[in-house]
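One structure is given here, and the rest of the page talks about it.
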Number of protein chains: 2
Amino acid sequence: MKRAGVTAEQLTRAAAELADEVGFENVTLATLARRFGVKEASLYSHVRNARDLKTRVALLALAELADLVADAVAGRAGKDALVALAGVYRDYAREHPGRYAAAQLRLDPETAAASAGARHAQMTRAILRGYDLQEPDQTHAVRLLGSVFHGYATLEMGGGFSHSAPDTEETWSRTLDALDALLRHWPAP
Amino acid sequence: MKRAGVTAEQLTRAAAELADEVGFENVTLATLARRFGVKEASLYSHVRNARDLKTRVALLALAELADLVADAVAGRAGKDALVALAGVYRDYAREHPGRYAAAQLRLDPETAAASAGARHAQMTRAILRGYDLQEPDQTHAVRLLGSVFHGYATLEMGGGFSHSAPDTEETWSRTLDALDALLRHWPAP
DNA sequence: GCATTTGCCTAAGCCTATTAGGAAAACTAC
DNA sequence: GTAGTTTTCCTAATAGGCTTAGGCAAATGC
């Protein structure tokens with residue numbers, strides 16, 4: 001019998017696509033096995049277990065997202081860079097909800113350390129160069145920005161914003177205006 | 001054989017406690033059945049299915065959280081109210097991670113409409129009375145605050161903030177300072 | 001006390017995850 | 001090319017979890 005030729009990378013990619021289709025929490029080894037035309041048990045030659053697969057998808061999403069951010073902020077500064085970076089997160093969450101959810105998976109410390117996670121913090125910190133913030137305010141600001149971007153993406157996706165009154169598009173641009181203003185006039189302690 | 005005397009409310013409460021112990025996604029009918037000393041199938045007399053139970057936990061958490069917020073902001077205004085409201089969300093997320101996750105469950109529109117969800121938006125809007133914001137900026141601000149609080153809680157819980165440098169306690173208070181300043185000097189469009 | 005409703009049970013089917021052990025394909029090295 | 005090794009896939013089996021169907025006994029209403 002000829003082999004299907006599955007690899008861990010293909011499996012991870014397929015899992016990411018499946019996650020975008022049915023939600024990260026509904027990604028199952030059984031579904032993937034069917035999709036590849038092999039038996040479930042065969043997948044254990046490529047990934048340790050279901051958790052391992054989810055971790056791989058998380059790492060994929062983190063790296064993919066970091067690359068997109070790096071691209072978007074290249075050559076930009078100040079509010080321009082802020083808008084670009086924020087837009088990448090929001091768009092990614094909307095276009096790849098499953099992958100975005102995967103990127104939120106809690107990783108164990110070693111895995112997290114080897115992930116693109118640090119690049120994210122690093123790039124957010126980079127756009128703060130366009131503003132006049134010293135440590136430790138810079139770190140506070142990085143965390144605040146991370147909170148807003150992640151919170152906004154999550155709430156918007158989850159329908160947390162009522163579909164009424166001002167549309168989310170406008171809220172988004174006004175939120176960025178607000179954050180820009182805040183960073184330009186960061187309050188003294 | 002005497003009955004265990006399970007009710008939907010007890011079940012929901014137990015599920016909420018279990019969620020705080022093992023994580024919302026790991027709440028299972030099987031575990032609850034064991035905890036009540038009945039068979040799994042018996043639970044279907046009280047809840048329609050696993051999804052129904054999760055929905056009930058979500059509604060419980062939303063209501064509980066709304067009550068806590070209402071209590072916290074009573075008699076406060078301005079930054080005082082902001083800090084109180086924000087603190088409730090953060091503390092609840094840390095003390096009841098499972099319930100907090102449940103509160104994020106995506107509900108179908110009718111269920112959501114009947115939930116305490118609206119009270120949350122309402123109360124956030126209320127604290128903005130201490131600031132000089134007109135519509136539609138008020139709505140933008142409500143969404144921004146919601147994003148920050150939710151995002152912060154999620155990232156802090158998930159270990160998204162590296163455990164290094166300034167501790168999260170300080171970031172939290174500086175974040176509130178920043179939001180207060182932002183609301184006091186909301187940028188014109 | 002008797003009828004009805006309600007709570008719980010057994011039985012069974014379906015899905016997913018995981019492990020163990022085996023066979024054949026693919027690859028390596030002469 | 002062929003012998004040996006590794007890799008990939010398989011079957012078989014176990015263990016959980018979710019859900020439905022049908023039945024009996026406990027609680028409740030009159």
Side-chain angles (χ1 to χ4, degrees), chain A residues 1-60 97-99 101-102 105-108 111, chain B residues 1-60 97-99 101-102 105-108 111:
Chain A
M1 177 187 292
K2 59 185 154 199
R3 298 185 176 181
V6 181
T7 68
E9 285 67 34
Q10 278 176 43
L11 210 46
T12 305
R13 243 158 229 304
E17 277 157 33
L18 181 59
D20 287 338
E21 293 165 24
V22 304
F24 186 55
E25 70 283 5
N26 298 118
V27 170
T28 174
L29 288 178
T31 305
L32 287 171
R34 264 175 249 127
R35 201 163 278 205
F36 278 98
V38 300
K39 299 292 175 181
E40 291 179 50
S42 305
L43 300 183
Y44 289 84
S45 293
H46 307 285
V47 295
R48 197 169 4 266
N49 50 35
R51 168 76 196 179
D52 178 33
L53 177 65
K54 290 194 170 188
T55 300
R56 285 168 190 264
V57 176
L59 294 175
L60 169 72
R99 286 159 149 97
L105 184 70
R106 195 173 188 148
L107 303 170
D108 52 290
T111 310
Chain B
M1 178 187 291
K2 59 187 154 194
R3 299 187 177 179
V6 181
T7 68
E9 285 67 34
Q10 278 176 44
L11 210 46
T12 305
R13 247 163 225 302
E17 278 157 33
L18 182 58
D20 287 337
E21 292 165 24
V22 304
F24 186 56
E25 70 282 4
N26 297 119
V27 170
T28 175
L29 287 179
T31 305
L32 287 171
R34 265 176 246 125
R35 202 163 277 205
F36 278 97
V38 301
K39 299 293 175 181
E40 292 178 50
S42 306
L43 299 183
Y44 288 83
S45 295
H46 306 286
V47 294
R48 199 171 0 266
N49 50 36
R51 169 75 197 183
D52 179 33
L53 177 65
K54 291 195 170 186
T55 300
R56 285 168 190 264
V57 176
L59 294 176
L60 169 72
R99 285 158 150 98
L105 184 69
R106 194 173 187 148
L107 303 171
D108 52 288
T111 310

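Letters A, B, ... are given to chains in the order of the sequence lines, protein chains preceding strands, and every chain is numbered from 1.
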For residues [X] and [Y], report the shortest heavy-atom separation together with the two atoms involved.
| X | Y | answer |
| --- | --- | --- |
| B:Val47 | B:Arg56 | CG1-NE, 3.7 Å |
| A:Phe24 | A:Gly98 | CB-O, 3.6 Å |
| B:Asp20 | B:Arg99 | OD2-NH1, 2.6 Å |
| A:Val6 | A:Gln10 | CA-OE1, 4.1 Å |
| B:Ala102 | B:Ala58 | O-CB, 3.2 Å |

Pair A:Thr31, A:Val22 - check side chain to side chain contact (heavy atoms under 4.5 Å, CB included), show working. CA-CA 11 Å; A:Thr31 305; A:Val22 304; over 6 Å; no
Determine, stepwise, if the pair B:Arg35 / B:Glu21 fulfils salt bridge (Lys or Arg N to Asp or Glu O under 4.0 Å). CA-CA 13 Å; B:Arg35 202 163 277 205; B:Glu21 292 165 24; 3.2 Å; yes
Could you tell me whether the phosphate oxygens of D:dC9, OP1 or OP2, come under 4.0 Å of any side-chain nitrogen or oxygen in A:His46? yes
OP1 or OP2 of C:dT6 sitting under 4.0 Å from any side-chain N/O of B:Ser45?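 The answer is no; no side-chain N or O of B:Ser45 sits under 4.0 Å from OP1 or OP2.
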Quick one, which residues of residues 23-41 of chain A touch DNA chain D with a heavy atom under 4.0 Å?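 Residues of residues 23-41 of chain A that come under 4.0 Å of DNA chain D are, in numerical order, A:Val38, A:Lys39, A:Ala41.
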Would you mind reporting whether B:Leu59 and B:Leu107 have side-chain heavy atoms less than 4.5 Å apart?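 Touching, per the 4.5 Å side-chain cut-off.
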May I have the distance from B:Leu43 (atom CG) to D:dT20 (atom P), rounded to whole angstrom? 13 Å
Between C:dA11 (P) and B:Tyr44 (OH): distance, integer Å: 18 Å
Which residue in the set A:Leu29, A:Leu43, A:Val57 passes side chain to side chain contact (heavy atoms under 4.5 Å, CB included) when paired with A:Leu11?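 Only match with A:Leu11 under side chain to side chain contact (heavy atoms under 4.5 Å, CB included): A:Leu43.
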Degree of bending in the helix from C:dG1-D:dC30 to C:dC30-D:dG1 once both end axes are built from five pairs, to 10°: 20°
Worked verdict on A:Arg51 versus A:Leu105 for side chain to side chain contact (heavy atoms under 4.5 Å, CB included): CA-CA 10 Å; A:Arg51 168 76 196 179; A:Leu105 184 70; 3.6 Å; yes
What residues from residues 50-57 of chain A pass a heavy-atom cutoff of under 4.0 Å to DNA chain C? A:Ala50
